[in-house]
Amino acid sequence: MAPAEKSTPQPERQKETPKPLLNQDTALVASEIHLRSYIEAALRAILAVSQDGRIVFMNGHTEEIFGYTREELFGQDSAILLPQRFRAAYAAALRTYFAAPSVRVLGKDIDLAGRRKNGEEFPIEIGLSYVQAQDGVIALGFVSDITDGKRVRDDLAHANAELRRSNADLEQFAYMASHDLQEPLRIVTSYLKLLDRRYQGQLDAEAHEFIDFAVDGATRMKGLIQDLLTFSRAGTRSADIHNVPAEILVQRAVENLKAAIEERSAEVTWDQPLPQVAADAGLLVQVLQNLVANGIKFQKDGAAPRVHISVGAQGSEWVFSVRDNGIGIDPRHAGRIFRIFERLNASDQYPGTGMGLAIAQKIVERHGGRIWFESKPGEGSTFSFSLPPTGSARAATARER
Ligand code: ADP
């Protein structure tokens with residue numbers, strides 16, 4: 001074997017691994033350029049603060065939102081970016097932060113404010129982080145101007161409060177108006193009836209017919225006022241929600257409709273057994289009664305009304321359904337029928353005030369549920385409403401409202 005020194009030396013170069021595109025220094029510079037471009041493009045003010053509270057670094061957005069130039073801020077006490085009243089607390093918070101630096105967000109639960117060079121204050125949120133530099137920890141603050149978000153939230157809260165107030169006013173008005181209208185209407189009706197009786201034989205037939213029209217109108221108005229009163233009471237009186245057997249609610253609703261059921265030879269049936277539900281019994285009987293009454297009323301000429309009530313669990317809710325074999329509803333009118341005084345049919349064919357579904361909806365929503373219907377014109381309708389499960393948070397909230 002030939003001695004090693006005699007072997008042909010391999011050129012050094014061939015053993016080298018391929019050269020990186022950039023050496024380590026250039027890579028570092030590149031990554032810093034990269035980082036800087038991110039920091040500069042950020043839509044937040046990014047500031048680095050040393051342990052004595054001085055600003056040692058900031059991005060362009062800091063200039064924009066605080067109105068100072070970099071030259072003015074560099075080396076300054078970072079407290080100048082806060083309103084005077086926060087500065088002492090800030091100095092203390094900074095000491096605590098440097099004792100145990102961590103990553104967290106300030107301003108989510110408390111109202112923090114920044115202060116621009118022109119003295120203007122604005123709401124801010126601060127994300128805090130830190131880096132370990134050669135001569136100690138540097139705190140990094142990521143400051144967002146949340147003026148727009150806060151304004152939207154404040155406006156929304158304000159609009160909500162306004163809406164609640166005007167709703168309450170409206171309900172109060174409807175209640176007072178319908179309550180106070182009852183008495184004068186009663187006087188009108190009773191004097192019309194007196195006129196009719198006392199002047200029998202003295203007035204001609206036409207006069208008596210006019211009196212009948214007036215009594216009719218007053219009676220219809222009485223119905224409207226009573227429904228309006230029921231509607232506003234459903235919104236104003238506190239709901240008395242307890243666990244009740246649905247069987248009792250259904251029985252009571254059917255009992256209240258006994259006259260209509262007999263008159264129309266209607267058949268009203270329901271599932272057995274029915275569950276316990278969380279409800280204000282009086283209010284829920286009213287809902288069932290309105291839905292069953294509609295099922296009996298909106299029928300094809302001469303048809304025998306058949307109405308079936310079922311209750312089933314859907315997800316975590318109870319869903320009541322009232323199915324009829326009536327005239328059905330064109331789905332185009334879906335948005336209308338739950339509004340007050342809305343009716344789709346002529347009142348001489350199907351009498352009513354157009355309040356039944358509005359009352360039902362209000363009561364169901366008071367219970368924390370929803371109401372809807374499915375129907376095919378000519379083939380009947382199914383009105384359904386949901387109730388939160390007994391003992392649920394939603395049932396409890398409905399109880400407290
Ligand atoms: P009312 O029964 O006094 O007319 P509602 O508010 O109960 O008022 O109902 C509003 C309208 O919705 C009714 O006038 C009718 O046109 C339609 N409607 C309600 N329930 C039914 C039903 N079961 N079948 C067909 N149409 C219905």
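One-based numbering, in listed order, for ligands and for the atoms of each. Residue numbers count from 1 along this sequence. Note that the coordinates shown come from a computational prediction; the quantities given were computed from them, not determined experimentally.
The ligand atoms of ligand 1 that sit less than 4.0 angstrom from a heavy atom of Gly354 are 1 (P), 3 (O), 4 (O), 6 (O), 8 (O). Below 4.0 Å from some heavy atom of Glu342 lie the following atoms of ligand 1, by number and element: 10 (C), 11 (C). Per-residue contacts place Met355 under 4.0 angstrom from the following atoms of ligand 1 (heavy atoms of the residue considered): 6 (O), 8 (O). Of all the atoms in ligand 1, the ones that sit under 4.0 Å from a non-hydrogen atom of Leu344 are 14 (O), 16 (O). Atoms of ligand 1 found under 4.0 Å from any heavy atom of Asn345 (numbered from 1 in listed order, with element): 15 (C), 16 (O). Near Lys297, meaning under 4.0 Å from one of its heavy atoms, ligand 1 places the atoms 1 (P), 2 (O), 3 (O). Residue contact check: Gly352 has heavy atoms under 4.0 Å from atoms 3 (O) of ligand 1.
Between Phe385 and Phe320, the ring-plane angle classifies as parallel under the 30° and 60° cut-offs. The aromatic rings of Phe298 and Tyr350 sit tilted, their planes meeting at an angle between 30° and 60°.
Polar contact with ligand 1: absent for Ala358 (N/O pair, distance under 3.5 Å). An N or O contact shorter than 3.5 Å is missing between Pro351 and ligand 1 by distance. Looking at ligand 1, you won't find any N or O of Phe383 less than 3.5 Å from one of its N or O atoms. Checked by distance only, ligand 1 and Thr353 come closer than 3.5 Å through their nitrogen or oxygen atoms. Not one N or O of Ile329 is nearer than 3.5 Å to an N or O of ligand 1, by distance alone.
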Practice problem: Test salt bridge (Lys or Arg N to Asp or Glu O under 4.0 Å) on Glu121 and Arg115 and set out the steps. | Solution: CA-CA 5 Å; Glu121 288 189 16; Arg115 185 178 183 278; 5.8 Å; no
Self-check item: Verdict with reasoning, Glu63 to Arg70, per salt bridge (Lys or Arg N to Asp or Glu O under 4.0 Å)
Solution: CA-CA 6 Å; Glu63 296 178 295; Arg70 276 177 212 247; 3.6 Å; yes
Quiz prompt | side-chain hydrogen bond (donor to acceptor under 3.5 Å, both in side chains) assessment of Asp324 paired with Gln299 | solution = CA-CA 9 Å; Asp324 66 52; Gln299 284 290 335; 5.0 Å; no
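Note on ligand 1: Gly328 sits in its first shell, one or more heavy atoms being nearer than 4.0 Å. Ligand 1 lies within reach of Ser381, whose nearest heavy atom is under 4.0 Å from it. Contact analysis leaves Phe373 out of contact with ligand 1, as no non-hydrogen atom separation drops below 4.0 angstrom.
Contacts between His333 and ligand 1 below 4.0 angstrom, taking non-hydrogen atoms only, are absent altogether. Counting heavy atoms under 4.0 Å from ligand 1, residue Asp324 touches it through the side chain alone.
Of all heavy-atom pairs between Leu94 and Gly53, the closest is CD2-CA, 3.5 Å.
Nearest protein heavy-atom contact of atom 13 (C) of ligand 1 is Phe298 CZ, 3.4 Å. The protein heavy atom nearest to atom 6 (O) of ligand 1 is Leu357 N, 2.8 Å. In terms of protein heavy atoms, atom 4 (O) of ligand 1 is closest to Arg343 NE, 2.7 Å. Among all protein heavy atoms, the one lying closest to atom 7 (O) of ligand 1 is Asn294 ND2, 2.8 Å.
Within a 6.0 Å sphere centred on CD of Gln134, heavy atoms belonging to other residues, nucleotides or ligands number 12 at most. Residue Arg306 places its CZ atom among 12 or fewer non-hydrogen atoms of other residues, nucleotides or ligands, all under 6.0 Å distant.
Geometric assessment of Lys362 against the ring of Phe231 yields a positive cation-pi assignment under the 6.0 Å and 45° thresholds.
Between Asp227, Ile296, Ile337, it is Ile337 that holds the heavy atom closest to atom 17 (C) of ligand 1.
The closest donor-acceptor contact from the side chain of His367 to the backbone of Asp280 lies under 3.5 Å. Panel note: side chain Arg116, backbone Ile65; a donor-acceptor pair is recorded below 3.5 Å. Side-chain N or O atoms of Arg87 include one that pairs as donor or acceptor with a backbone N or O of Leu82 at under 3.5 Å.
Under the 6.0 Å cut-off for aromatic ring centres, Tyr97 and Tyr90 do not qualify, their centroids lying 6.0 Å or more apart.
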